[in-house]
Peer 1: 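Can you read through this structure? Questions will come right after.
Proteins come first, then strands; the chains are lettered A, B, ... in the order of their sequence lines, and each starts at number 1.
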2 protein chains.
Amino acid sequence: MASGFHSVAAQLDTAGAKLASLVLVVDDDPDMRSSLTDLFLSVGLDTRVFASTSEFLGYSLPDRPSCLVLDLRLPGSSGLQLQAVLGEQGVPIPIIFITGHADVLTSVRAMKAGALDFLPKPFRDQELLDAVNDALRRDAKRRVGDRELGKIRGLAEQLTPREIDVLRGVGRGLLSKQIAYELGISEITVKMHRSSAGRKLNAISVADMIRKIELLGL
Amino acid sequence: MASGFHSVAAQLDTAGAKLASLVLVVDDDPDMRSSLTDLFLSVGLDTRVFASTSEFLGYSLPDRPSCLVLDLRLPGSSGLQLQAVLGEQGVPIPIIFITGHADVLTSVRAMKAGALDFLPKPFRDQELLDAVNDALRRDAKRRVGDRELGKIRGLAEQLTPREIDVLRGVGRGLLSKQIAYELGISEITVKMHRSSAGRKLNAISVADMIRKIELLGL
DNA sequence: TGCGATCCCATACTTCGGTATGGGTTTGCT
DNA sequence: AGCAAACCCATACCGAAGTATGGGATCGCA
């Protein structure tokens with residue numbers, strides 16, 4: 001590539017990163033939906049809007065850094081209920097509440113349940129944008145870690161039950177001899193499983209192997 | 001010990017665990033201070049009360065599971081300011097806010113800054129007790145982890161600079177040979193440092209050693 | 001019924017970690 | 001000047017990890 005393109009490439013990169021992020025909005029007020037869409041689009045953030053929690057739940061989340069801007073009071077089930085449902089389902093999307101009818105008890109409950117922010121209307125555009133950017137940053141960071149873990153878990157699926165038994169011993173710092181005794185098999189067989197497991201996990205060193213064993217929660 | 005004393009011993013143990021916990025209260029209202037003291041004492045929780053943030057800051061926290069029940073509005077500096085100060089100083093004590101003049105913005109700010117709960121007055125005694133018990137449980141748990149880390153850090157102080165260099169290599173999964181090359185010394189010397197460091201850290205196995213290296217953040 | 005996966009074992013060998021023994025140097029403090 | 005601490009190195013040996021080679025047994029499924 002010609003060196004003259006460096007700054008252009010950097011700009012494209014930044015734009016690409018922003019486009020990769022997605023803001024989900026759930027609000028029953030059509031005016032709010034459209035003004036929020038405008039707001040987010042104006043700073044280059046991709047946006048999807050929903051009028052109710054059920055509409056949102058019918059939408060399958062794409063694999064992109066994203067966050068949820070959620071109105072508290074909604075027809076049907078409330079924003080808090082949606083937060084609870086997402087929590088039960090283990091959906092880790094960061095949530096920012098917005099509401100016109102704020103009270104302390106509700107805000108505290110939402111925050112204790114893990115909301116990232118809670119903005120009473122009216123709020124300044126910049127407040128919401130700051131919160132959204134923070135949320136997107138966190139989600140992106142979480143995704144990096146999750147992907148790493150997912151890769152290792154994928155490799156771990158190749159492991160046979162016996163190999164897992166052996167790895168558990170390795171993680172506890174036992175010698176092959178001791179693992180053999182515990183499992184009632186010979187030392188050489190333990191070594192086989194051990195090295196076979198190491199190959200499957202792509203463990204390039206003992207340290208690496210132990211880290212991966214810990215990550216897998218063995 | 002006679003077996004007849006078992007149940008008595010168990011009771012004493014439970015009482016001991018409660019006595020080991022401490023509730024700190026900062027509130028400018030003398031009535032509130034005394035009623036909270038009564039409340040906590042009635043369930044066997046040791047309590048200290050303070051009328052202002054400066055009075056509290058003059059008190060050195062004992063090494064016991066504890067939590068802070070903090071009034072938001074205080075003469076002098078506010079509860080939020082105290083929270084900020086404690087945060088800056090790295091004092092990890094869990095905070096439960098109570099206040100008669102609650103507004104959403106403040107409650108959200110307090111929660112975002114890490115408060116465990118935020119109770120507008122009037123609240124039911126049981127609400128506060130639940131929050132306090134949760135806070136004490138968390139603090140106790142944190143202390144267990146911290147003590148473990150403290151022990152290892154204590155051992156790590158015995159390490160010489162060179163031993164730390166070598167441990168860094170071990171943590172990266174390098175062979176002694178490779179570490180020797182990087183440091184520009186011979187393999188046998190690396191082994192010396194390595195085993196010497198292992199002895200100092202009380203590492204009973206390679207797995208144990210690597211775990212400790214990770215904990216120390218090398 | 002045959003094939004693949006999983007599990008098991010043995011012998012032999014290499015490499016690595018770890019220890020022991022027995023040295024050496026520099027640096028800094030008493 | 002003497003001494004301790006930290007650093008360095010060599011030879012030699014042991015035990016453990018890991019690999020290679022060459023087997024055997026069971027089980028489920030195509």
Peer 1: Rounded to whole Å, please give me the gap between NZ in B:Lys191 and P in D:dC9.
Peer 2: 14 Å
Peer 1: Look at the side-chain N and O atoms of A:Thr160 and state whether any lies under 4.0 Å from the OP1 or OP2 oxygen of C:dA5.
Peer 2: no
Peer 1: How many Å lie between CG on B:Asp165 and P on D:dA6, as a whole number?
Peer 2: 14 Å
Peer 1: Counting any heavy atom closer than 4.0 Å, what does B:Thr189 reach on the DNA or RNA strands: base, sugar-phosphate only, or nothing?
Peer 2: base
Peer 1: For B:Arg194 and B:Ser176, does a side-chain donor sit closer than 3.5 Å to a side-chain acceptor?
Peer 2: yes
Peer 1: For C:dC8 and A:His193 - does any side-chain N or O of the residue sit under 4.0 Å from the phosphate oxygens OP1/OP2?
Peer 2: yes
Peer 1: Return the value, rounded to whole Å, for the distance between atom CD1 of B:Ile204 and atom P of C:dG18.
Peer 2: 13 Å
Peer 1: Report the residue (A:Ser186 or A:Lys200) whose heavy-atom-nearest nucleotide on DNA chain C is the more 5′ of the two.
Peer 2: A:Lys200
Peer 1: Round to a whole Å and report the spacing from CZ of B:Arg194 to P of D:dC8.
Peer 2: 16 Å
Peer 1: What do the steps show when you test B:Ser107 against A:Ser107 for side-chain hydrogen bond (donor to acceptor under 3.5 Å, both in side chains), and what is the final call?
Peer 2: CA-CA 7 Å; B:Ser107 70; A:Ser107 71; 3.0 Å; yes
Peer 1: Rounding to an integer number of Å, can you tell me how far A:Asp208 CG sits from D:dG18 C1'?
Peer 2: 16 Å
Peer 1: Starting from the 5' end of DNA chain D, give me the residue, A:Leu174 or B:Glu187, whose nearest nucleotide shows up first.
Peer 2: B:Glu187
Peer 1: Without decimals, in angstroms, what is the distance between B:Met209 CE and C:dG17 C1'?
Peer 2: 10 Å
Peer 1: Rounding to an integer number of Å, can you tell me how far B:Arg162 CZ sits from C:dT27 P?
Peer 2: 14 Å
Peer 1: Grab the CD-P distance between B:Glu163 and C:dG18 for me, whole Å please.
Peer 2: 13 Å
Peer 1: Judged by atom type as modelled, is there a donor-acceptor pair below 3.5 Å linking the side chain of B:Asp139 to the main-chain atoms of B:Ala135?
Peer 2: no
Peer 1: Would you mind classifying the nucleic acid contact of B:Ile188 as base, sugar-phosphate or nothing, using non-hydrogen atoms under 4.0 angstrom?
Peer 2: base
Peer 1: Are A:Ser195 and D:dG18 close enough that a side-chain N or O sits under 4.0 Å from OP1 or OP2?
Peer 2: no
Peer 1: A:Ser78 side chain to A:Gly76 main-chain N or O, any donor-acceptor pair under 3.5 Å?
Peer 2: no
Peer 1: Can you work out whether A:Ser176 or A:Met192 has the more 5'-proximal nearest nucleotide on DNA chain D?
Peer 2: A:Ser176
Peer 1: Going by an N to O cut-off under 4.0 Å, is there a salt bridge joining A:Asp63 and A:Arg143?
Peer 2: yes
